[in-house]
Amino acid sequence: MNWEEQLRRNIRRLEDLPKEFVVSKEELEFFRRIKNMETSRSGVSYMPFSVTEYFLSLSDYTDPNCPIRRQFMPDPRELEESPMESDDPLYEERYRVSPRLIHRYRNRVLLLVTNFCPLNCRYCFRRYYKEMEPDVISKKELELASRYIGEHREVKEVLLSGGDPLSLSDSKLESIITRLRESRDEIVIRIGSRVLSVLPDRITDSLIEVFKRHKPIWFVAHFNHPKELSPRVLDKVELLVDSGIPILNQSVLLRGINDDPQVLAELFEILVRNRVKPYYIFQCDLARGTSHFRVPIERGLTIMERLREVLSGVGMPDYALDLPGGGGKVSLFAVDIERRGDNYIIKKREGSREEYVYPV
Ligand SMILES: *Cc1c(COP(=O)(O)O)cnc(C)c1O
Ligand code: SF4
């Protein structure tokens with residue numbers, strides 16, 4: 001089955017799960033509550049359930065705590081909002097320079113080419129974006145973004161994100177890249193995608209040809225747990241790297257999924273052996289309904305210390321946080337962190353007056 005057919009067979013309703021899949025009481029509770037929400041039109045929104053058959057097949061059908069399963073099975077705690085959570089935790093709206101273009105850092109921009117993903121990760125920080133109908137960048141929006149990039153020569157890199165850019169067809173993707181290259185033929189293109197982990201068959205020979213035609217393109221993957229690195233996935237990783245496409249990995253530190261130095265060490269070691277550089281591990285952002293996934297920063301730092309002892313520099317990612325309220329990305333190894341009551345106070349530099357508050 002090709003990847004497009006696989007996507008059409010995505011599991012989006014409780015009834016579509018295999019019979020052998022034992023749904024837990026909590027998971028059922030989520031579905032019960034959203035059903036009531038729809039009928040009462042209470043206006044509260046939530047991220048729809050959607051998982052590929054492939055990723056589902058990696059999960060344990062009888063263990064609700066399975067680290068694969070927890071990434072796609074909803075939890076009723078998602079319908080609760082904790083203090084400081086929001087729909088736009090990174091304040092991206094403030095840095096939007098055209099409908100889908102976010103210019104937060106001087107030398108790089110983020111282009112949101114679609115809001116669709118093959119799998120809805122329950123901890124997604126752009127969940128507000130995913131509650132809308134699937135929507136893909138229009139010709140006019142691409143034109144506006146490309147013109148902006150053409151006029152802003154300080155921008156050296158454009159990140160395609162969303163949603164998952166590789167949920168688009170090869171031809172749509174190539175038309176986007178071609179238009180960007182018309183504006184700036186030397187610009188570095190970075191594609192952030194989770195398909196390697198959730199829909200590996202998306203990596204086709206023809207996709208690789210697109211990448212090769214439009215060098216330089218960097219691939220940024222998203223693996224959270226060693227169980228995601230199946231032989232089928234590693235074959236695709238090899239195909240990409242052998243074709244000259246460099247791969248970086250971004251993970252999210254997730255409670256009960258990968259907040260364990262042994263699990264992360266295994267993940268990063270396998271990645272390095274397969275020529276993927278662990279780039280970032282992110283502190284979970286303050287998106288609405290994600291508090292049950294968050295690991296306290298202090299514990300995160302302890303985990304990273306343990307990792308430093310066992311990993312090489314190549315295997316060690318940066319532990320980063322996108323500061324709430326649009327403060328930008330910082331390395332948690334390089335900021336000043338102080339505990340004040342139920343919060344951390346984060347300063348970009350010691351002695352700085354600018355303070356960012358993050359819950360414990
Ligand atoms: C993360 C991010 C980038 C890329 O930052 P790097 O540190 O280069 O990976 C660019 N723009 C925005 C808005 C981002 O959130
Ligand atoms: S792949 Fe990324 S954008 Fe898509 S649902 Fe997962 S975290 Fe969100």
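Hydrogens, waters and symmetry mates play no part in the numbers below; they use all other heavy atoms, side chains included. Please read all numbers here as calculations on a predicted model, not as lab measurements. In each ligand, atom 1 is the first atom listed, and ligand 1 is the first ligand listed.
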Could you give me the CA-CA distance, side-chain angles and deciding distance for D170 and S206, then say whether side-chain hydrogen bond (donor to acceptor under 3.5 Å, both in side chains) is met? CA-CA 8 Å; D170 291 354; S206 60; 2.7 Å; yes

Test side-chain hydrogen bond (donor to acceptor under 3.5 Å, both in side chains) on Y319 and Q283 and set out the steps. CA-CA 7 Å; Y319 178 30; Q283 177 68 16; 2.5 Å; yes

Audit row: N10, E53, side-chain hydrogen bond (donor to acceptor under 3.5 Å, both in side chains) steps and yes/no: CA-CA 6 Å; N10 251 23; E53 285 186 338; over 6 Å; no

Stepwise side-chain hydrogen bond (donor to acceptor under 3.5 Å, both in side chains) check, E141 with S138: CA-CA 5 Å; E141 290 165 337; S138 68; 3.3 Å; yes

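Neither the backbone nor the side chain of D164 has any atom closer than 4.0 Å to an atom of ligand 2 (non-hydrogen atoms only). Of the heavy atoms in Q250, none comes closer than 4.0 Å to ligand 1. Within the 4.0 Å heavy-atom criterion, both parts of C121, backbone and side chain, lie near ligand 2.
Residue-ligand proximity: Y280 is placed with a non-hydrogen atom under 4.0 Å from ligand 1. E92 does not count as a contact of ligand 1, since none of its heavy atoms falls under 4.0 Å from the ligand.
Inter-residue side-chain proximity for Y123 and V252 is flagged as met; some heavy-atom pair is nearer than 4.5 Å. Taking 4.5 Å as the limit, every side-chain heavy atom of V97 sits out of range of all side-chain heavy atoms of I102. At a threshold of 4.5 Å between non-hydrogen side-chain atoms, the residues N249 and Y279 do not count as touching.
Taking the six-membered ring where the residue is Trp, Y148 and H152 present parallel rings, their angle staying beneath 30° rather than reaching 60°.
In summary, the atoms of ligand 2 found under 4.0 Å from a heavy atom of L119, numbered by their order in the structure, are 5 (S). Close approach to C124 involves these atoms of ligand 2, each under 4.0 Å from a residue heavy atom: 3 (S), 5 (S), 7 (S), 8 (Fe). For ligand 2, the atoms closer than 4.0 angstrom to any heavy atom of C117 are 1 (S), 3 (S), 4 (Fe), 5 (S). Contact atoms of ligand 1 toward L159: 3 (C), 4 (C) (distance under 4.0 Å to a heavy atom of the residue). Within the listing of ligand 1, atoms 6 (P), 7 (O), 8 (O), 9 (O) sit less than 4.0 angstrom from a heavy atom of Y279.
One option in H103, R104, K329 has a heavy atom closer to atom 14 (C) of ligand 1 than any other, and that option is K329.
Each of P76, P64, P74 was checked for a side-chain contact (heavy atoms from CB on, under 4.5 Å) with E26, and the lone residue meeting it is P76.
Looking at ligand 1, you won't find any N or O of Y105 less than 3.5 Å from one of its N or O atoms.
At the top of the distance list for atom 5 (O) of ligand 1, counting protein heavy atoms only, stands R108 NE, 3.2 Å.
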